[in-house]
Amino acid sequence: MASRPAHDLLQRVFGYDDFRGPQQDIVEHVAAGHDALVLMPTGGGKSLCYQVPALLRDGVGIVISPLIALMQDQVEALRQLGVRAEYLNSTLDGETAARVERELLAGELDMLYVAPERLLTGRFLSLLSRSHVALFAIDEAHCVSQWGHDFRPEYRQLTVLHERWPDIPRIALTATADPPTQREIAERLDLADARHFVSSFDRPNIRYTVVQKDNARKQLTDFLRGHRSEAGIVYCMSRRKVEETAEFLCGQGFNALPYHAGLPPEVRANNQRRFLREDGIVMCATIAFGMGIDKPDVRFVAHTDLPKSMEGYYQETGRAGRDGEAAEAWLCYGLGDVVLLKQMIEQSEASEERKQLERSKLDHLLGYCESMQCRRQVLLAGFGETYPQPCGNCDNCLTPPAAWDATIPAQKALSCVYRSGQRFGVGHLIDILRGSENEKIKQQGHDKLSTYAIGRDLDARTWRSVFRQLVAASMLEVDSEGHGGLRLTDASRDVLTGRRQISMRRDAASTTGGRERSAQRTGLSVLPQDLALFNALRGLRAELAREQNVPAFVIFHDSTLRNIAEQRPASLDELARVGGIGGTKLSRYGPRLVEIVREEG
Ligand code: ADP
Ligand code: ZN
């Protein structure tokens, strides 16, 4: 049977029982010498798709990756499996680079990671023509696309591989979900004839939650308390907010670090390193942080501001739960975010065409935030995928939101905007509706308006919710002068004239109890009776990681340790059957693991 060698290798080297999803088809296709374009979500298991065929075929697998900072960890993870892997990039000293090149020529490598700019040098291409290459893997293939934010010009030149070595299979991989980028990859990398393997982009282990901003810091700390001593990312919009949030969280007893493009490179590198290597760090970051963070045990991704688009949001949240264990994507947003982002678009220097694109991206995202439907269904629909049933693992499925008839409040809000001249911001509009007697109201003579004090029946929080939903649904627009004033739109007319009914989402009260309980269920599920052993195993792993100066997860994943703690293998034979333990790890670490199980068990 054709699949035997691949399957044997998977068990022997990687210690996994079975391929996941489409992995087996991809591996066999590439191992047989064909080209492939693989679209799979983060955490789907792309690496195996080129690692297994590279090991099955004669020669060295060349992996092109833009993520220099991560090559070392990837190579280290392979070495832990007994694979002869190396990398070549600008961080190596001349001597080491020369050794790697010698090993390449001597056929002593199974796998070589290389940065695109290095690959494209005449020197390296000539080295390659004197080596025996098993395959070319082009990782993060969306870097070839000008539309994505990770555009790398060198990627455009990778067609040289096909031109010079037409018989060597190429496999390009990306986790980018949107169809235009996918088409561009196939075209630019000359992979139109390659077989395309498109997986579902669903990440079933991630729980999506959106909360309305009320008391942002308290909401964030409540959320984080449900994730004590777990690693996660807190995204903030600005550099300043990153630093303030990190400082605030440290003050609250969390192990938080800042990351943004304005920090000195060595601070950035060091913080990233700590995030990868230490347990339980909360990284407060702008979106400069993330591409290629392949730490498998990120348990949550929190957004404290509105992201700019669905694709961005999906990519950022995709960094949670790559190990397939329960993880949480939490987004906290409010009216202020909507107004700010809309203002930024209107005030930018971009062409009208570009602005239109940005507007529709934002509207799409707002639709997601305000939706009362299953979040997963909305999310995947955005990527052209149909998710048949409500998922049962998002906030809207778990606690279905209540709707209320907001037609009359919407009419009051819109007429208040109109009567006051379509130039005031939400705070003032609510003051008018609620009949406030402050200075500005008197100065402007707004206590004489027919809409003055007609909204005393609702509290300010509810009014904010009404305005937010009106803006999100484009029944109000934000002025382009940048004062945050609101104006009517074409869509408002039907509401004002009573031709259109408005149903709104009732914002949940900001309680914490329920949230904390639900957060607990999204952590790594270690049974209470296994906890002592699990922690002892973690202790051993930390020791091994320190000795070898590598991140703990390249030695064992949390899930592997949890499985050991659960199954309590009494011998090496039994240990070999635990998922995640291949031959090399078994002989290297097996005896010590079994010893710990014996002592603790
Ligand atoms: P991606 O690059 O697609 O984000 P990775 O290749 O890093 O994903 O794989 C994600 C995680 O899933 C890794 O921890 C990997 O070890 C694990 N994994 C991949 N394939 C399998 C499999 N067949 N069985 C068990 N675990 C797997
Ligand atoms: Zn759902």
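Every number for a ligand or one of its atoms is a count from 1 in the order of the listing. FYI, the numbering just counts along the sequence from 1.
Near G45, with a cut-off below 4.0 Å to any heavy atom, the atoms of ligand 1 are 1 (P), 3 (O), 5 (P), 6 (O), 8 (O), 9 (O), 19 (C). When each atom of ligand 1 is checked for a heavy atom of S47 under 4.0 Å away, the hits are 2 (O), 5 (P), 6 (O), 7 (O). Numbered from 1 in the order shown, with element, the atoms of ligand 1 that lie under 4.0 Å from a heavy atom of T42 read 4 (O). Set against the non-hydrogen atoms of H557, the atoms of ligand 1 under 4.0 Å away are 13 (C), 14 (O), 16 (O). Numbered from 1 in the order shown, with element, the atoms of ligand 1 that lie under 4.0 Å from a heavy atom of F19 read 23 (N).
Considering E325, R322, K295 only, the shortest heavy-atom separation from atom 11 (C) of ligand 1 involves R322. In this comparison of Q51, Q74, Q23, R20, the heavy atom closest to atom 17 (C) of ligand 1 sits on R20.
Aromatic ring centres of F289 and Y259: separated by under 6.0 Å. Checked against a 6.0 Å centroid threshold, the rings of H364 and Y368 do not count as neighbours.
No N or O atom of P296 sits closer than 3.5 Å to an N or O atom of ligand 1.
Residue contact annotation: M40 has no non-hydrogen atom under 4.0 Å from ligand 1. The shortest heavy-atom distance from D18 to ligand 1 is under 4.0 Å. By the 4.0 Å heavy-atom criterion, P41 is counted among the residues contacting ligand 1.
Annotation for I287: atom CD1 does not count as buried by contact number, only 12 or fewer foreign heavy atoms lying within 6.0 Å.
For the pair I581 and L593, the minimum side-chain heavy-atom distance is below 4.5 Å. Counting heavy atoms from C-beta outward, S309 and L365 have side chains that stay 4.5 Å or more apart. Counting heavy atoms from C-beta on, the side chains of S465 and Q212 never come closer than 4.5 Å.
Around the Zn ion (ligand 2), the protein N, O or S atoms found under 2.8 Å comprise C374 SG, C391 SG, C394 SG, C397 SG.
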* side-chain hydrogen bond (donor to acceptor under 3.5 Å, both in side chains) assessment of E76 paired with Q72 -> CA-CA 6 Å; E76 188 51 52; Q72 198 183 348; over 6 Å; no
* Asked: Could you walk me through whether D202 and S200 pass the side-chain hydrogen bond (donor to acceptor under 3.5 Å, both in side chains) check?
  -> CA-CA 5 Å; D202 182 29; S200 163; 5.2 Å; no
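Evaluated for a ring-ring contact (aromatic ring centres under 6.0 Å, His included) with H303, the options W330, Y333, Y208, Y313 yield exactly one hit, Y313.
Salt bridge status for K46 with E140: absent, with no side-chain N to carboxylate O gap under 4.0 Å. No salt bridge links R568 with E574; every basic N to acidic carboxylate O contact stays at or beyond 4.0 Å. A salt bridge links R277 and D73; the closest N-O separation between the charged side-chain nitrogens and carboxylate oxygens is under 4.0 Å.
With a 4.0 Å cut-off on non-hydrogen atoms, Y16 touches ligand 1 through its side chain and not its backbone.
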